[in-house]
There are 2 protein chains.
Amino acid sequence: MRADAKRNFDRIVEVAGATFRSKGYDAPLDDIAKQAGVGPGTLYRHFPTREALIDAVMQNWIASVNESAEKALAHEGDARDRLMAWFEEYAARLTVHKGVAAKITAALGDATSPMANKCQTYSTANAKVIDSLRSEGAVRPNVEALEVLRLIGGIASVADQGNLPPEAVRPMLEVVADGVLR
Amino acid sequence: MRADAKRNFDRIVEVAGATFRSKGYDAPLDDIAKQAGVGPGTLYRHFPTREALIDAVMQNWIASVNESAEKALAHEGDARDRLMAWFEEYAARLTVHKGVAAKITAALGDATSPMANKCQTYSTANAKVIDSLRSEGAVRPNVEALEVLRLIGGIASVADQGNLPPEAVRPMLEVVADGVLR
DNA sequence: TTGCTAAACGGAGACAGTCTCCGTATCGTT
DNA sequence: AACGATACGGAGACTGTCTCCGTTTAGCAA
């Protein structure tokens, strides 16, 4: 990739992120192009569809928070406390960007999605938490790690779309925690 | 409302429902108008926004299934069986139309939404199930009926968006059931 | 029936956003 | 410096949204 191309690519993603957050995910792409100081042609060459651009923005964001994903693993307390800490951490991350929860959760099971491998960190972090609790015998048999990820994703999606405050989300997470633990 | 107006209104909703299902929720509205044998002006007079038309389609659908919502209440078996029967019934209904799960679940807490009162039947059916189980002492304290509705809605949304098969949904419902029951 | 009026219709066309095509400019290499 | 490959950008075609207003029709009253 040529240097000027990369410059434009990055600039577009940056501007798009800011614009999507402030004006919504249906903001005119030509505006974003103009804002980024490029022609529409350049934007569409890099991102053939709106979807592609949104993906790029999100991947950018996931990468930026990924590094700290393991924080929740080092929590103090009993099994339930640790599980809840992880749930809240995960749900909070998912609700930072409008729409991200649904998108990531849908991508989880689909290996062909460009999102999926970006979410590896989440998947493995989750598996680690569940496995560690399982080895203590705290987890019900038949509970799969992927299911848990999806359940929390579902809660985050609902919270996202209904603009639910954290105090409405917490009890839902607790129901899932009780369902996961013996 | 004049007779011809009502005729057109109903015809538009009918055509829109079929079109949305076959071509997706972003199908051109002018096409729907043409298909319904009316001009775009007529469509837009009845439904100023796409959202309004989608709502009308969904309300139409909710009304059509509402009447049978209590079926799941008359289930045989122990507390867990009955709860699971209700969960599956509800989740199945929510996933009939693409996008309906997220929409209805988001509307649940919001009394101002035109969806909300259409969903009364669901809310009260759910409350009935939970209350009846609670009176048997089978439900954990602190579990609210609305939370349960949202949890199932979240699962349905995820299933909807990720095209999950029923066998992937069931275990998630079971986790919630275990979290709801003592 | 006929006439009348308010209600409703419908389609031409303005507008906005998407996306492409291709002549021009720039990069990076030799 | 010169050249090919790569990338740029913006004019404009295209598609879908939505409005305006002249025309039509339903429903009522005489």
Side-chain angles (χ1 to χ4, degrees), chain A residues 1-60 97-100 102-103 106 113-115, chain B residues 1-60 97-100 102-103 113-115 161:
Chain A
M1 195 178 203
R2 238 169 63 175
D4 53 345
K6 173 159 176 40
R7 216 168 25 241
N8 283 329
F9 185 102
D10 292 345
R11 183 138 180 68
I12 291 169
V13 172
E14 190 188 319
V15 168
T19 306
F20 286 154
R21 250 161 287 165
S22 64
K23 307 204 175 160
Y25 283 89
D26 53 354
L29 297 188
D30 281 20
D31 282 4
I32 291 174
K34 187 177 292 181
Q35 184 88 12
V38 303
T42 300
L43 188 151
Y44 282 97
R45 197 169 337 97
H46 286 307
F47 310 100
T49 64
R50 175 183 296 275
E51 200 62 12
L53 181 53
I54 294 176
D55 277 4
V57 168
M58 286 189 176
Q59 290 187 15
N60 207 35
H97 268 55
K98 192 96 182 163
V100 90
K103 216 168 252 294
S113 160
M115 291 268 106
Chain B
M1 195 178 205
R2 240 167 64 173
D4 54 346
K6 174 160 174 38
R7 212 164 32 238
N8 283 329
F9 184 102
D10 291 345
R11 182 140 180 67
I12 291 169
V13 171
E14 189 188 319
V15 168
T19 307
F20 286 154
R21 249 161 289 164
S22 64
K23 307 203 176 163
Y25 283 88
D26 53 354
L29 298 189
D30 281 20
D31 281 4
I32 291 173
K34 187 176 292 181
Q35 183 88 11
V38 304
T42 300
L43 187 151
Y44 282 98
R45 197 169 338 96
H46 286 307
F47 310 99
T49 65
R50 175 184 297 275
E51 200 63 11
L53 181 53
I54 294 176
D55 277 5
V57 168
M58 287 189 176
Q59 289 187 16
N60 207 36
H97 267 57
K98 193 96 182 163
V100 91
K103 216 169 249 295
S113 160
M115 291 268 107
Q161 289 181 316

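Letters A, B, ... mirror the listed sequences (proteins, then strands); counts begin at 1.
Put simply, NZ on Lys34(A) is 12 Å from P on dA16(C), counting in whole angstrom units. One can place CZ of Phe47(B) at 14 Å from C1' of dA8(C), the figure rounded to the nearest angstrom. Leu43(A) has its CG atom 12 Å from the P atom of dT20(C), to the nearest Å. Rounded to whole Å, the distance from OH on Tyr44(B) to C1' on dC15(C) is 12 Å. The distance between atom CD1 of Ile32(A) and atom C1' of dT18(C), rounded to the nearest whole Å, is 13 Å. Atom CG in Asp31(B) sits about 7 Å away from atom P in dG16(D), given to the nearest Å. As a whole-Å value, the separation of Arg7(B) CZ from dA8(C) P is 12 Å. If you measure from atom CZ of Arg45(A) to atom P of dT18(C), you get 17 Å, rounded to the nearest angstrom.
Residue Thr42(B) places no side-chain N or O under 4.0 Å from the OP1 or OP2 atom of dA8(C). The phosphate of dA8(C) (OP1 or OP2) has no side-chain N or O of His46(B) nearer than 4.0 angstrom.
With a 4.5 Å cut-off on side-chain heavy atoms, Ile54(B) and Lys103(B) count as touching.
In Lys23(A), the NZ atom is not crowded: 12 or fewer heavy atoms of neighbouring residues, nucleotides or ligands sit closer than 6.0 Å. The number of heavy atoms from other shown groups lying within 6.0 Å of NZ (Lys98(A)) is above 12.
Asn8(A) comes within 4.0 angstrom of sugar-phosphate atoms only, judged by non-hydrogen atoms across all strands, and of no base. Arg50(A) comes within contact range of the sugar-phosphate backbone alone, with a heavy-atom separation under 4.0 Å but no base atom that close.
Ring-plane geometry between Phe47(B) and Phe9(B) is classed as tilted, the angle between the planes lying from 30 to 60 degrees on a 0 to 90 degree scale.
Two residues, Gly41(A) and Val38(B), neighbour DNA chain C, and the one matched to the more 5' nucleotide by heavy-atom proximity is Val38(B). In terms of position along DNA chain D, the nucleotide closest to Arg2(A) lies nearer the 5' end than the nucleotide closest to the other residue of the pair Arg2(A) and Gly39(A).
Arg11(B) is linked by a side chain to side chain donor-acceptor pair (under 3.5 Å) to nothing, counting only residues two or more places apart in sequence or in another chain.
We find the CG-CG distance between Asp30(B) and Leu43(B) to be 8.0 Å, quoted to the nearest 0.5 Å. Here the CZ atom belonging to Arg45(A) is positioned 8.5 Å from the CD1 atom belonging to Ile12(A), to the nearest 0.5 angstrom.
Non-hydrogen atoms lying under 4.0 Å from DNA chain C are contributed by nothing in residues 11-30 of chain B.
Comparing dA7(D), dA8(C), dC18(D) against the side chain of Pro40(B) picks out dC18(D) as the nearest.
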